[in-house]
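Comments concern the structure below.
Heads up: numbering here begins at 1 and tracks the sequence.
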Amino acid sequence: MIDGNLAIDCRGLVKVYDGKVRAVDGLDLQVRRGECFGLLGPNGAGKTTTVEILEGLNQPTDGDVRVLGRRWRDDERALRERIGLSLQETLFIDRLTVEETLRLFRSFYTHGPSVDELLAKVSLEEKRRALTMKLSGGQKQRLAVGCALAGDPELLFLDEPTTGLDPQSRRQLWEVIAQLVRAGRTVVLTTHYMDEAERLCDRVAVVDRGKVIALGTPKELIATLGGSEVVEVVADGALDEGALGHVDGVRGVRPLPDAPPGQGVTLNVDGLEVALPAILDALRGWGRRPTVLRTHRATLEDVFVHLTGRQLRD
């Protein structure tokens with residue numbers, strides 16, 4: 001039965017390459033209409049293959065995938081009219097202007113906004129007559145999103161839209177994305193920036209080894225860590241993770257990536273004012289001296305490392 005509230009309904013998705021490499025392994029994923037949905041995963045996790053299948057650019061080995069209630073094998077032409085894609089890097093024709101580029105992409109669709117409306121959506125009115133080769137990185141990314149909007153899509157896929165952009169350009173593109181969601185569009189966003197996912201996404205799925213291993217709102221996922229703050233410690237000798245887990249205020253302990261084996265830990269804590277003095281007292285009692293001590297608010301990055309054991313950019 002088709003659920004009209006879902007923009008994407010993906011069940012038991014499998015993709016096998018060369019008859020032996022399972023890039024996607026029984027993945028289930030549902031994206032609601034009108035939400036900004038983040039898809040996160042380390043390199044080799046199957047995230048890119050999954051997105052390519054959802055976009056109709058790759059064929060699944062097994063499983064059922066419905067996009068806007070339709071299957072790619074049955075309704076490819078109709079779906080192309082209803083979705084938009086913006087890749088991590090888009091190559092434009094250097095000698096075309098911004099206006100000409102948008103006019104070209106608009107010609108591919110039966111219905112959609114005017115070129116003037118597209119320029120306004122991505123705040124490129126002043127660059128209307130500029131050659132695409134003269135645009136900054138941020139302007140090119142906004143133009144790419146403008147091209148993806150040329151058919152007035154119900155569902156928009158954005159692959160690493162702010163990679164390599166300066167902070168101002170990132171914020172400008174964030175506002176474009178937020179406006180789309182406010183207008184009722186569905187956005188599927190892949191990103192390596194945890195602050196971006198926290199700010200923009202209504203829900204986030206973490207993919208690893210071809211499966212969804214965590215799903216929820218950013219706030220819900222962060223809450224699974226058991227503490228609102230994080231303390232990172234590297235000591236001048238071996239640390240007892242079990243003993244640290246019983247220190248006042250500590251709610252979770254795991255190894256710290258990139259620290260010497262056995263000498264670095266990440267501690268999830270409630271209330272730095274209680275936990276931090278207790279941690280330092282415990283270290284002194286064990287004859288250990290901290291060589292590195294860092295604290296920060298718990299983020300999606302911490303969730304990601306906790307679940308996968310890797311940084312997102314590993």
Side-chain angles (χ1 to χ4, degrees), residues 7 31 33-39 51 54-57 67-68 77-193 195-197 199-202:
V31 177
R33 290 180 183 265
E35 72 174 338
C36 182
F37 189 91
L39 198 59
V51 172
L54 298 179
E55 294 170 337
L57 301 177
V67 177
L68 300 174
R77 175 63 187 177
L79 281 172
R80 293 284 175 220
E81 290 278 349
R82 299 172 66 189
I83 72 169
L85 311 180
S86 179
L87 305 178
Q88 184 173 342
E89 184 177 0
T90 303
L91 298 178
F92 296 109
I93 301 173
D94 288 346
R95 294 296 175 177
L96 287 185
T97 65
V98 169
E99 180 178 5
E100 291 168 339
T101 299
L102 289 173
R103 195 176 305 282
L104 173 64
F105 275 80
R106 176 62 188 85
S107 72
F108 300 154
Y109 298 92
T110 305
H111 304 288
S114 68
V115 171
D116 286 344
E117 290 171 326
L118 290 171
L119 287 166
K121 283 179 183 291
V122 293
S123 303
L124 286 175
E125 297 99 324
E126 294 182 0
K127 294 294 181 179
R128 174 190 295 267
R129 293 179 176 81
L131 296 176
T132 61
M133 63 186 294
K134 300 291 187 180
L135 299 179
S136 68
Q139 291 164 348
K140 285 182 179 178
Q141 286 291 66
R142 279 186 280 146
L143 177 57
V145 173
C147 293
L149 296 175
D152 194 21
E154 299 170 48
L155 171 60
L156 182 65
F157 292 93
L158 299 176
D159 183 15
E160 306 286 347
T162 63
T163 296
L165 300 187
D166 61 84
Q168 181 178 0
S169 296
R170 288 182 72 203
R171 286 192 295 270
Q172 288 175 328
L173 202 50
W174 284 357
E175 181 55 30
V176 171
I177 296 168
Q179 288 176 358
L180 292 171
V181 176
R182 287 196 293 268
R185 299 297 187 263
T186 306
V187 176
V188 175
L189 173 73
T190 63
T191 180
H192 278 113
Y193 298 114
D195 60 332
E196 186 163 275
R199 175 162 178 166
L200 295 177
C201 296
D202 298 297

Which pair of heavy atoms, one from [X] and one from [Y], lies closest together, and at what distance?
X: Val67; Y: Leu155; value: CG1-CD2, 3.5 Å
X: Thr186; Y: Gly34; value: OG1-N, 2.8 Å
X: Ala197; Y: Thr191; value: CB-CG2, 4.1 Å
X: Arg82; Y: Glu154; value: NE-OE2, 2.7 Å
X: Pro153; Y: Gly84; value: CB-N, 3.4 Å
X: Val98; Y: Thr132; value: N-CG2, 4.4 Å

Could you measure the distance from the [atom1] atom of [X] to the [atom2] atom of [Y]? Nearest 0.5 Å is fine.
X: Gln141; Y: Leu158; atom1: CD; atom2: CG; result: 9.5 Å
X: Lys140; Y: Leu165; atom1: NZ; atom2: CG; result: 11.5 Å
X: Leu200; Y: Tyr193; atom1: CG; atom2: OH; result: 13.0 Å
X: Arg106; Y: His111; atom1: CZ; atom2: NE2; result: 8.5 Å
X: Leu173; Y: Arg171; atom1: CG; atom2: CZ; result: 12.5 Å
X: Glu99; Y: Glu125; atom1: CD; atom2: CD; result: 12.0 Å

message: Going by ring-ring contact (aromatic ring centres under 6.0 Å, His included), name the residues that satisfy it together with Tyr109, two or more places apart in sequence or in a different chain.
response: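 With neighbours one apart ignored, the set is empty.
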Which residues share a side-chain hydrogen bond (donor to acceptor under 3.5 Å, both in side chains) with Thr162, sequence neighbours left out: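 Expected list: Glu196.
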message: According to side-chain hydrogen bond (donor to acceptor under 3.5 Å, both in side chains), who are the partners of Ser86, at least two apart in sequence or on a separate chain?
response: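 With sequence neighbours excluded, Ser86 shows a side-chain hydrogen bond (donor to acceptor under 3.5 Å, both in side chains) to no residue whatsoever.
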task: Could you go through the side-chain contact (heavy atoms from CB on, under 4.5 Å) check for Val51 and Glu55 one step at a time?
output: CA-CA 6 Å; Val51 172; Glu55 294 170 337; 3.3 Å; yes
task: Please determine if Arg142 and Glu175 form a salt bridge, counting it only when a charged side-chain N lies under 4.0 Å from a carboxylate O.
output: no
Residue pair Trp174 / Asp195, side-chain heavy-atom distance below 4.5 Å: yes
query: Going by heavy atoms in the side chains, are Glu117 and Asp152 under 4.5 Å from each other?
result: no
task: Quick one: do Leu124 and Leu102 satisfy side-chain contact (heavy atoms from CB on, under 4.5 Å)? Show the steps, please.
output: CA-CA 11 Å; Leu124 286 175; Leu102 289 173; 5.8 Å; no
Arg95 atom CZ: more than 12 heavy-atom contacts under 6.0 Å: no
- prompt: More than 12 non-hydrogen atoms from neighbouring residues, nucleotides or ligands closer than 6.0 Å to CD1 on Ile93, yes or no?
  reply: no
- prompt: So, Glu81 side chain and Gly151 main chain: donor-acceptor pair closer than 3.5 Å or not?
  reply: no
- request: Mark yes or no for whether Arg129, through its side chain, and Thr97, through its backbone, hold a donor-acceptor pair below 3.5 Å.
  value: no
statement: Which of Thr90, Val176, Ile177 passes side-chain contact (heavy atoms from CB on, under 4.5 Å) with Val145? Answer is Val176
query: Between Val31, Thr190, Leu189, which is the residue that forms a side-chain contact (heavy atoms from CB on, under 4.5 Å) with Leu39?
result: Thr190
message: Determine whether Leu143 and Phe105 satisfy the following criterion, side-chain contact (heavy atoms from CB on, under 4.5 Å), listing intermediate values before the conclusion.
response: CA-CA 11 Å; Leu143 177 57; Phe105 275 80; over 6 Å; no
- request: Could you go through the side-chain contact (heavy atoms from CB on, under 4.5 Å) check for Lys127 and Leu119 one step at a time?
  value: CA-CA 9 Å; Lys127 294 294 181 179; Leu119 287 166; over 6 Å; no
